[in-house]
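Below is one structure, written out as structure tokens, with a few remarks after it.
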Amino acid sequence: MAKSPSYKTYNHPAGGWGALNATAKVLMEQSVVAQSTRTLLAMNKPDGFKCSSCAWPEADEQKRFDFCENGAKALAFETTRKRVTREFFRTHTVTELNGWSDYALEQEGRLEEPMRYNPATDHYEPCSWDEAFSEIAQELAALKDPNEAEFYTSGRTSNEAAFLYSVFVRAFGTNNFPDCSNMCHEPTSRGLPKSIGIGKGTIVLNDFAKAEAIFVIGQNTGTNSPRMMTNLVEARHRGVPIVVINPMPERALMRFTEPQDAVQMATFGSTAIASEFVQVRIGGDIAVLKGIMRGVLELDDAARAAGGASVLDHEFLDTHTCDFEAVAADVRGTEWTEIEAVSGVGRDQLRRVAGIYVASRATIICYGMGITQHEYGANAIQQICNLLFLRGNIGRPGAGIAPVRGHSNVQGDRTVGIEEKPTQAYLDQFEKVFGFKPPQEHGHDTVEAVEAMISGEAKFFFGMGGNFIHAIPDTPIAYEAMRRLDMTVAVSTKLNRGHVVHGKKAFILPCVARAEIDLQNGRRQKITIEDATSMVGASSGILEPASPHLLSEIVIVCRLAKATLALTRPDIVLPWDAFSNDYDLIRDKIAEVYPTIYENMNERLKAPHFHLTNSARNREWKTPSGKATFIVFPGIAMDKPIETEGMLRLATIRSHDQFNTTIYSDNDRYRGIYNDRMVVMMNREDMQARGIAEQDWVEVETISLDGQDRKLAGLKAIAYPISRGSVAAYYPETNGLLPLYHYDQTSKTPAAKSIPVLIRKARAPAAPAGQAARRETVPA
Ligand SMILES: Nc1nc2c(c(=O)[nH]1)N[C@H]1C(S)=C(S)[C@@H](COP(=O)(O)OP(=O)(O)OC[C@H]3O[C@@H](n4cnc5c(=O)[nH]c(N)nc54)[C@H](O)[C@@H]3O)O[C@H]1N2
Ligand SMILES: Nc1nc2c(c(=O)[nH]1)N[C@H]1C(S)=C(S)[C@@H](COP(=O)(O)OP(=O)(O)OC[C@H]3O[C@@H](n4cnc5c(=O)[nH]c(N)nc54)[C@H](O)[C@@H]3O)O[C@H]1N2
Ligand SMILES: [Mo]
């Protein structure tokens, strides 16, 4: 896998020709070049299909193309010509495949037919779809209690598939819906409603064209939502200041060449993105936010003392908010020395940022995993709301809060019923529409599902997409728990770790991918997704499915539901065949269950897309007080304090060449790191304090609170311009260091950005874990 070592100096801005070259290269490697042009041009177009990479909205006005380097990579990996055949499974035992890397597993290509694990031979063997559904149904029917089953969803699943899946699982009798959102933007879904009454962002794409200041906090835009770079570049060309708050100077947020801009491409030009780079310490964001608010209040005091107008939006504060005074008092009571110590950022810079904020009449604040994946992630989001409220920056053109969601339909899946804690109103409506009482007690989220697997309470795991086993914390513990289950079932497109770390019985159910034609009853079907701005659009694939044996996720749900409910709930009769023959009928049901947002869904889909009503955007506050609510957070740390001497905070992050647990290559171009993912990015002074030199072998040990040993050796230290006290390494290789108990206190999202660790120099591992990491100097 490792290529011959080479130093490739990357002194260019992010984007530009480098991005186009990388796009072409990956398409060639996956041998999809012949079909690539037409396919890429159909991406994010009316009548085409939605990119399966990230949840950033597609452009309103029609561009020549609306895809990016990483969208092209996702597509290339999905439409690869490579296949995992039955011969492949006959050749390799599962034990052998367990020794393969995640990269090697996924490189084998697309799964072709349903497979069943045979413990006698330790091989996966082909089986018919009927056999698979019947055996899974019998297993489910044999459970003592439906709550012994866990039904996971990953955010690529369409609204239609997720909706029917949630109906089937509730008919079966449980609300155990762990999903990838539980590891991602759950602090948004649970924290935001307390502030603004809805757990979703309030902006739409064209707000970017009207914004006068944009903040990007804890989000690596150029890698994880590259199409958003277009919006940032356009904003900078209009002279809009962009404030970036991050422990690392992520390249694309410093300088970017827009691949869609012919002139910039031809002239090798580029745009400086961050007008202000706030290099926060990991976990210092609440301190930064309170510092900015303090700066705003100081400016307000000064303006008023000079007889000028207040810099606050008093009309908004008076009409729309409550508890402003409490937050103002809290912020005024937070000393600058305290703010500086926790954030690592000086008061001068925070005052300057406050000045930028006050000068703007419309501000958007975007944020990603750098905010959510902390013990007080949800609380930090509420502080973002406080800051926005000060100047009425919600529900106004060009302003609002923008949680940048991950998976392309992670927001949509939650909207249509993937919810382990359903509200009573929803359950009642569900009963009205379907004529049976869904289970009322709350089910498991991701952390609780893993706990149930560990305790033995859970016996059965179903994965609708995703790669649960490598997404969750505490990898070795999770492996053991997974292997103890009676049955595991994975609906997947590609081979991954979840297939080789499995229960006593196991099935792989391969499905049609987003880019492929989904033909039912002679008609090309479409599915829908909801992006990060609550915009819903249709998607229908244009390529032949990877194999004639594949079923769509919807058909898989319908056939499994029929087989299972016939055994467990024969009293519940739903038109599963009709649903799988005509997806319009599923949308009619969605409209019935969610009349306020999805009324006339099929009719509205005649337009390229439509927006779901967003109460906060309309300044309608569905909070207990009926107002936008200022919320006090006592203290300023994002995580519980740990007193251990020498403690560093480890963020587990994505490289430029991966999609979550799918690794495209061992390179991280924008960070200048090549040929190795087993590295720890450290501040030079933190290295010196520990006697660690560039490329020394190190061992990372979690400061565990449960007596469990969590250590990872075989990593190399790299001096990186990251803030002091902060270190970063790649996910999922480091998930064994992330304790299951270390999560956001509001939403139980694993705090993957703030693992307390000790790092020490180590001897070279007996068998080198990877090639020498090589990197160029990254200009700070
Ligand atoms: N190409 C590609 N696209 C993707 C994905 C992918 O893997 N590959 N994944 C998708 C998914 S599911 C998601 S959720 C998103 C993830 O997209 P992001 O939210 O960008 O996720 P990460 O790469 O994990 O890290 C985000 C950033 O947080 C910063 N950070 C770490 N700790 C802190 C902190 O304490 N404070 C602040 N302010 N910043 C911090 C890191 O330096 C990094 O820049 O992207 C989606 N899009
Ligand atoms: N330490 C650490 N852990 C993390 C994170 C972190 O930042 N740090 N991030 C967390 C976040 S934000 C997320 S969202 C989760 C991601 O967790 P998941 O969503 O579970 O993981 P993915 O890697 O996106 O899943 C990849 C697999 O999905 C399958 N797949 C791809 N396309 C399709 C499709 O169209 N249909 C079906 N059925 N299957 C398909 C393929 O088989 C592929 O192997 O990980 C979380 N875990
Ligand atoms: Mo995510």
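Both ligands and their constituent atoms are indexed starting at 1 by order of listing.
- Asp474 pairs by the salt bridge (charged side-chain N to carboxylate O under 4.0 Å, His left out) definition with Arg710, not counting sequence neighbours.
- Sorted by chain and number, the heavy-atom contacts of ligand 2 below 4.0 Å come from Glu106, Tyr152, Ser154, Arg156, Cys180, Met183, Cys184, Met369, Gln373, His407, Gly465, Gly466, Asn467, Phe468, Ala471, Val491, Ser492, Thr493, Lys494, Asn496, Cys511, Glu553, Thr652, Arg654, Phe659, Asn660, Thr661, Tyr731, Asn735, Leu738, Ala752, Lys753.
- Close contacts between ligand 1 and Met248 involve ligand atoms 42 (O) [criterion: under 4.0 Å to a heavy atom].
- Contact check on Arg669 versus Glu69 returns a salt bridge, with a Lys/Arg side-chain nitrogen under 4.0 Å from an Asp/Glu carboxylate oxygen.
- A side-chain N or O of Asn409 and one of Asp413 form a donor-acceptor pair less than 3.5 Å apart.
- The aromatic rings of His502 and Tyr124 sit perpendicular to each other, their planes meeting at more than 60°, with 30° as the lower class boundary.
- A distance of 6.0 Å or more separates the ring centres of Phe151 and His444.
- Every atom of ligand 1 is numbered from 1 in the order shown, and the set under 4.0 Å from a heavy atom of Asn70 is 1 (N).
- Those atoms of ligand 1 with a heavy atom of Gln219 less than 4.0 angstrom away are 19 (O), 20 (O), 27 (C).
- For Asn379, the side chain to side chain donor-acceptor pair (under 3.5 Å) test picks out no residue, with sequence neighbours left out.
- Counting only N and O atoms by type, the side chains of Thr661 and Tyr731 include no donor and acceptor under 3.5 Å apart.
- Counting the atoms of ligand 1 from 1 in the order shown, those under 4.0 Å from a heavy atom of Ile245 are 38 (N).
- In terms of polar-atom proximity, His374 is counted as a contact of ligand 1, with an N or O under 3.5 Å from an N or O of the ligand.
- Below 3.5 Å of separation, one finds an N or O of Asn220 facing an N or O of ligand 1.
- With ring centers used as reference points, Phe77 lies under 6.0 Å from Tyr664.
- For Tyr367 and His185, the ring centers sit closer than 6.0 Å to each other.
- Considering both main-chain and side-chain atoms, Gly283 comes within under 3.5 Å of ligand 1 through a nitrogen or oxygen pair.
- Glu186 and Thr372 form no side-chain donor-acceptor contact under 3.5 Å, judged by distance and modelled atom types alone.
- Shown in contact with Thr223 at under 4.0 Å from a heavy atom are these atoms of ligand 1, numbered in order with element: 1 (N), 2 (C), 3 (N).
- Taking a cut-off of under 4.0 Å to the non-hydrogen atoms of Cys54, the atoms of ligand 1 that pass are 47 (N).
- Residues satisfying the salt bridge (charged side-chain N to carboxylate O under 4.0 Å, His left out) criterion with Arg405, sequence neighbours excluded, are absent altogether.
- Each of the atoms 34 (C), 35 (O), 36 (N), 37 (C), 38 (N) of ligand 1 lies under 4.0 Å from some heavy atom of Asp285.
- Ile217 has its side chain out of reach of Asn246: every pair of non-hydrogen atoms, C-beta onward, lies at least 4.5 Å apart.
- Here is the list of ligand 1 atoms found below 4.0 Å of a heavy atom in Gly218: 19 (O), 26 (C), 27 (C), 28 (O), 37 (C), 38 (N), 39 (N).
- Taking a 4.0 Å cut-off on heavy atoms, Ser225 fails to register as neighbouring ligand 1.
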